[in-house]
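As the structure is a computational prediction, the values presented were derived from the model and not from experiment. Order of the sequence lines sets the chain letters (A, B, ...), proteins ahead of strands, with each chain counted from 1.
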Protein chains: 4
Amino acid sequence: MSPRADAARNRARVLEAAQEVFAAEGLGASTEQIARRAGVGVGTVFRHFPTKEALLSAVLAARLETLADEAERLAADGDPGTALFDFLARTVEASGPKVAYADALERAGIGTDQVVAPVRGRVTKAVGVLLERAQQAGAVRDDVAVAQVFVFIHGASRAVPTIADDGVRAATLRMMFDGLRPR
Amino acid sequence: MSPRADAARNRARVLEAAQEVFAAEGLGASTEQIARRAGVGVGTVFRHFPTKEALLSAVLAARLETLADEAERLAADGDPGTALFDFLARTVEASGPKVAYADALERAGIGTDQVVAPVRGRVTKAVGVLLERAQQAGAVRDDVAVAQVFVFIHGASRAVPTIADDGVRAATLRMMFDGLRPR
Amino acid sequence: MSPRADAARNRARVLEAAQEVFAAEGLGASTEQIARRAGVGVGTVFRHFPTKEALLSAVLAARLETLADEAERLAADGDPGTALFDFLARTVEASGPKVAYADALERAGIGTDQVVAPVRGRVTKAVGVLLERAQQAGAVRDDVAVAQVFVFIHGASRAVPTIADDGVRAATLRMMFDGLRPR
Amino acid sequence: MSPRADAARNRARVLEAAQEVFAAEGLGASTEQIARRAGVGVGTVFRHFPTKEALLSAVLAARLETLADEAERLAADGDPGTALFDFLARTVEASGPKVAYADALERAGIGTDQVVAPVRGRVTKAVGVLLERAQQAGAVRDDVAVAQVFVFIHGASRAVPTIADDGVRAATLRMMFDGLRPR
DNA sequence: TATGAATGAGATTTCATTCAT
DNA sequence: AATGAATGAAATCTCATTCAT
């Protein structure tokens, strides 16, 4: 294994550890904790991500990457009338109650972040496709913009995962996104 | 002015400062900052609120108090068909993008907090009345429970205030709560 | 009751409270605690004892006062051969394991304290009498000086009260002071 | 020099500094002061000793370690009739007037401290040997138990070092321990 | 490149002391 | 004279970041 491969592996491990730790402990978790979880020294964390901000950005970018993948897959495969709602449901259900995709989207929306920006473009585009198709299929109101869909994701992935009961959670999620449907 | 009155005034100033600072900087803001904003020494903050947790609880309780007042007022005065939605709109609009009522509700839901618990009862009751009336008036789906209304508030007050444009923000808010209306 | 009498009463209550609190919690106990125990405000404590040091001195002086009383009484009444040892036993037994007369003596020895100095003179004198008589009665070695008796009190009242068992404690105390007897 | 060795050296420096500072200023000395004396940052002190309690425990354990070494050496080498008294004299003379071995023993006796407990066993055992030998040699009363020897050490190391004059100090120490001799 | 010890700024909290009432 | 709220310096402890090995 080349040294490069080793380094790349470490980077990935840190990123994964950071996701887990942030999800479990909130964004205030310490770098040491992340390093321990990744099985590396703190120095290694800082070698790959020069500041905590950078690490956070990378985590968020990774999350957005997943979102983009999901959205692109559904844009390719899915039934136009349901694909957007499938995407929304999956996205929110995949969020933990502590650190949700909400944070990813929130920061992505605010930050002029070099790392996050490009991925953000991808997600926006893919979700845009899902939205347009849903509107053409008459499943979503015509006056909804992509930005608003993100606001829905943000809100829902913050609030809905706090509901413990599976049935109630699913019903609430559906209700919240019903606001997007034509009346 | 008796010393008691002065102390009460100081307590109120600290509380107000805390709300402002938390809103501006997030929940991680330092006690010193709050003291400075309130124009008092750190010691005074700690005299009134013996831990940072206690201060946070007090801030949240104060917010819930406002919510309860609003809900009770609308339960007394308002048009059954619109009062709940008026309440939701006001509540969310009064939330800043950083620290929303969301946090108040989130913590109130989770924490076994002696300070927050009683107020929580009041809000739940008053919103329950608004909800019931709205359902009787046919403005809200019959299968909606109070807890779900709070989830909507939580989500919306986190996400919606991130929208800068007044018109878009209002429209998005309306859409999100449209999910509660019968189809 | 004249205001003077009131003030004097408060002074006495503070002093007593201070003794109790220092004994229970150690010398680090806070002024607030003492005030609470005395049933007065902190301000009153500071009116009577302008610094914590001053309060401490007063407590120590009061203790030394008690010692002096005891020593003088025994010098008047007691059997020359046993009076000194009676005095030592009482003094040490009256010490708690936390804050012993040891501290009083230690500080009295070191401090150039205006409050403590005069009482110190009284104790020294009275114990000196007890010592001299004991020596004349052949109960104590001739080469013992008063200062050394105080060292014995200091050490014993620090260490001996840590023994829980009454019998063992008494025996140990006796042994320690046996060092003062002629061989 | 490996980083481990350096770290160990720093740990030792901190421990040594703590001993000096505690001896000079009393147990209330601040962590900053200790750090300064050790020539390291505060963070380093806390890295090695996560609480002030832990640092204190370590200091006490180190002192007991020294005591144990001394006692074991004398148990191996010394003249049965004098070894115990040599040990006592050295121990007390090595104590400063501010923080004596007294504190170590006091705390060791009281605390259920994981750090101090094991060393305590060693000292007790070694002093037990010295005591038994002294008793067999007729130099110490038969009814003295090890616990009582520690009470003597405690008392003497608190009180005796307050005597400035070398001759008087030695004489007083001898007298105090003479209580242990048969009459 | 990786490690983890060291750093020190900053956060929370306590407490002797002051001072307006 | 008494009260207790206010003050702020100082103490303990945390953590992002640096750097010697």
What integer distance in Å separates [X]:[atom1] from [N]:[atom2]?
X	N	atom1	atom2	answer
C:Arg11	F:dA2	CZ	P	12 Å
C:Gln33	F:dG4	CD	C1'	17 Å
B:Arg9	F:dG4	CZ	P	21 Å

> What do the steps show when you test A:Val115 against A:Leu60 for side chain to side chain contact (heavy atoms under 4.5 Å, CB included), and what is the final call?
Replying inline: CA-CA 9 Å; A:Val115 177; A:Leu60 302 181; over 6 Å; no

Partners meeting side-chain contact (heavy atoms from CB on, under 4.5 Å) with [X] (sequence neighbours left out):
X	result
B:Thr31	B:Val42, B:Val45, B:Phe46, B:Lys52
B:Ala54	B:Phe49, B:Pro50, B:Thr51
B:Ala62	B:Leu15, B:Gln19

>> Taking Watson-Crick (N1-N3 plus N6-O4 or O6-N4) and G-U wobble (N1-O2, O6-N3), each under 3.5 Å, can you produce the dot-bracket string of DNA chain F? Use [ ] for crossing pairs and | for inter-strand ones.
In response: .||||||||||||||||||||

>> Show me the pairs that pass side chain to side chain donor-acceptor pair (under 3.5 Å) and involve residues 36-49 of chain D, at least two apart or across chains.
In response: D:Glu20-D:Arg37

>> Within the 4.0 Å limit for protein heavy atoms, which parts of nucleotides 15-20 of chain E are touched? Write it as a string from 5' to 3', B for base, S for sugar-phosphate only, - for none.
In response: -SBB--

>> Among residues at least two apart in sequence or on other chains, which ones pass salt bridge (charged side-chain N to carboxylate O under 4.0 Å, His left out) with B:Glu65?
In response: B:Arg122

>> So if I take residues 13-21 of chain D and measure heavy-atom distances to DNA chain E, which residues fall below 4.0 Å?
In response: none

If the cut-off is 4.0 Å, is [X] near the phosphate of [N], judged by side-chain N/O to OP1 or OP2?
X	N	value
D:His48	E:dA6	yes
B:Thr44	F:dT7	yes
C:Asn10	F:dA1	no

>> In the structure I gave you, are the side-chain heavy atoms of D:Val14 and D:Arg11 within less than 4.5 Å of one another anywhere?
In response: no

